[in-house]
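Scroll down for the structure; my scribbles are underneath it.
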Amino acid sequence: MGLFIAKRLLRLVATVFAVTLLTFLMTSLLPGDPAVAVLGAEGVQNEELLLQVREDLGLDEPLPVRYVSWLGDALTGDLGESYINSGQSVSDTIGDRFPVTAQLAIMAILIAIVLALPLGVLGAYHQSKWPDTASSAVVQVALSVPNFITGIFLIWLFAVQLEWLPASNWNRMSNGLGANLKTAILPATALATTQMAIFSRLVRSDMIATLQENFILAAKAKGLSNKFVLLRHALRPSSLSLMTIVGINFGALLGGTVVIETLFAIPGLGFRLINAISQRDIMVIQGITVFVAVVYVLINTLVDLFYVAIDPRIRRS
Amino acid sequence: MTDLPSDLGSGLAVSVAGEPAPAGPTRSSVGAVFGDMPILVKISAIWLVLVVVGAIYAKVDQDLLGGALPLQDPDFQTNNFDASTGDFGTGEPLLGPSFDHFLGTDAIARDTFARIVHGAWVSLIVSGVSAVFGIVVGGFLGSLVGFVRGRTETLVMAAIDVILAFPALILLLALVSVFEVRSLTLISLVIGVLSIPAYTRVARANSLAVSNREFVMAAQAIGTRRRDILFREIIPNVLPTLLAYAMVAAAFVVVVEGSLSFLGLSVQLPQSTWGNMINQARRDIKTNVAQVLWPSLALTMTVLALNQVGDYFQRRSSVRQSAL
């Protein structure tokens, strides 16, 4: 167990290192000069000014030197400063905006699980009968509608037609939980639909497999009610694989938050990233990309470790 | 991305005496494959053919024939001032469906139907280029490392794992953001390169399984050169699964390009894409939801159809496997 954890942590360190290197290379090597972005079209005419800005930004140093100094700063929590909004610390921006994105992602996962369980259980219990067909039709469609389309039609229905919920004007938690949830429920639901489809497919196939096990037969033979068997004995083994798939899909979810935050004008990491991209603010793009990738890697490592802690079979294989 | 056929056996579409030819559209007649399909898969396949034909028709009309074929100009604003007649056009923005404009007009009075058909070209090219990159580069790399194993495999797979450690859309955004001019070529190339890792994983998993089969061992035993084994035994057996995977991967790519377009970071205007049409139309959603609906339907139906057909071919190759 100890050895497994040590190995897994070593791999984590290696992956995180590789992720920082790749992000840095990507944003540094590709065409486009940050100094030009800082100065704008007019400033570029002035050769001296251009050189000066390059020196200020450290762009005249060789690439490996720049990487090491950027990485060193990043390890102490300093991801540099925005080129465009001069002096704004990238780490502060992330600290300010990550809670919003995290809230959306967590709400989306919860909504997805709550919707997926009944759909999956229904499909498994009535396998190949009409409730199964209906639930799998819902799943197929939910799997194929991109989340920004779901989002737009949720806005159309609940904000434009029914006027129950707002389409934008995000409320922070500090404005009260009720006000916050009112602005969070639509974007979180839009994010949740694809995840719901994936989860419920998993729950269905897992449960079909579990329902054929001997202990289910034994439970039924004891005279336990169908509902009890289903919820108590059959659903439980599915929760492990459900957790794994939540981890794997977290990346897609984080990508989805970028689109959904833009659609609902939510001041999270994704909206800031799109902003930075339109301003070609490379330090912010770099910082947010690295941060999100590291969060994704961390979550998957945690899921792996947790899984091993629960299920001893994996350690041996 | 979410639905890799990671079960090792699914690539073994090996033909056995008396059995029909291996799965995949390449070796059996198109008609026979189509005839076998369940009705929903059939409808999906027909829709996909329509999209492809429409996209090519629109492109040929615009670039080769200068708009001579019966399809309206997707960029023409029908209410525009016309200098030669001195009058404004008779068109209006945000019209409903009519015989002149099957799906009405958008916010600046352009024909929505024409814009959707032209938008299909972008989706077609992006998903096509991604499939070619994935199958040729990813398929080759995966087949290779699954067969030769050793240090090459460790190195290649480590690189693949790092790329897959990024959330796909975030990596794409970071890459795309660096370029000032975003042409269709650029977008397809970037998405194409980013598609390689997922295909490599699928190809490797199948190549690992194929490499252990008796015909590969037999080839090794009679001293066949390793390169010949790779090209004659491994790759032909990995390919069918990879082609089925390409359909499902294309569904993902269409959504990713749609998201990018929706964010205004894909191919630049005035080129219409389904994503940028949705983004433009959503500003008028209070008065006219239909203009959001049409491109959304086109996008969703295409993704749904790709998933249906892709799932069907994936099932086919794994059923054949279990029959062995």
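Just so it is clear, the values below take in all heavy atoms, side chains as well, and ignore hydrogens, waters and symmetry mates. We name chains A, B, ... by the order of the sequence lines, and we start the count at 1 in each one. Since the model is a prediction, treat every value here as computed from it, not as a measurement.
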*In terms of heavy-atom proximity below 4.5 Å to chain B, should A:Ile152 be classed as side chain, backbone, both, or neither?*
both
*Do the side chains of B:Val303 and A:Leu143 get nearer than 4.5 Å, heavy atoms only?*
no
*Which answer fits B:Ala251, side chain, backbone, both or neither, if we ask what part of it has an atom under 4.5 Å from a heavy atom of chain A?*
neither
*Heavy atoms only: give me the nearest A:Ala293-B:Pro167 pair and the separation to one decimal.*
CA-CD, 4.1 Å
*So, for A:Gly255 and B:Leu169, which heavy atoms are closest and what is the spacing to 0.1 Å?*
O-CD2, 3.3 Å
*Evaluate the side-chain proximity of A:Ile149 to B:Phe262: yes if any heavy-atom separation is below 4.5 Å, no if none is.*
no
*Give the minimum heavy-atom separation between B:Leu164 and A:Tyr296, together with the two atoms involved.*
O-CE2, 3.9 Å
*Beyond-backbone contact of A:Trp156 with B:Val292, side-chain heavy atoms, under 4.5 angstrom*: no
*Taking C-beta and beyond as the side chain, do A:Ile277 and B:Val176 meet within less than 4.5 Å on heavy atoms?*
no
*Search all heavy atoms of A:Thr289 against all heavy atoms of B:Ala174 and return the closest pair with its distance.*
OG1-CB, 3.8 Å
_Looking at chain A, which one of B:Val256, B:Leu265, B:Val254, B:Leu173 has the largest number of heavy-atom pairs inside 4.5 Å, strictly under?_
B:Leu173
*Below 4.5 Å from any heavy atom of chain A, which atoms of B:Leu293 appear? Answer side chain, backbone, both or neither.*
both
_Tell me the closest heavy-atom pair linking B:Leu304 and A:Gln140, and the distance in Å._
CD1-O, 3.5 Å
*Is atom CZ of A:Arg11 surrounded by more than 12 heavy atoms (other residues, nucleotides or ligands) closer than 6.0 Å?*
no
*Quick one: are A:Ile288 and B:Ile170 in side-chain contact, heavy atoms under 4.5 Å?*
no
*Can you say whether A:Phe153 sits under 4.5 Å from chain B via the side chain, the backbone, both, or neither, judging by heavy atoms?*
side chain
_Between B:Ile285, B:Val255, B:Leu306, the one whose heavy-atom pairs under 4.5 Å with chain A are most numerous_ = B:Ile285
*Between A:Val141, A:Val258, A:Thr15, the one whose heavy-atom pairs under 4.5 Å with chain B are most numerous*: A:Val258
*Considering all heavy atoms, the nearest B:Arg282-A:Thr262 contact*: NH2-O, 4.4 Å
_My understanding is that only one of B:Asn279, B:Leu263, B:Ile278 makes a side chain to side chain contact (heavy atoms under 4.5 Å, CB included) with A:Phe148; could you say which?_
B:Ile278
_Residue, of A:Gly270, A:Pro146, A:Ala14, that accumulates the most heavy atom pairs under 4.5 Å with chain B_ = A:Pro146
*asked:* So for A:Val160, is it side chain, backbone, both, or neither that comes closer than 4.5 Å to the heavy atoms of chain B?
replied: side chain
*Sort out for me which of A:Val297, A:Leu263, A:Val290 touches chain B most, counting heavy-atom pairs under 4.5 Å.*
A:Leu263
*Where does B:Leu260 contact chain A at under 4.5 Å (heavy atoms): side chain, backbone, both or neither?*
neither
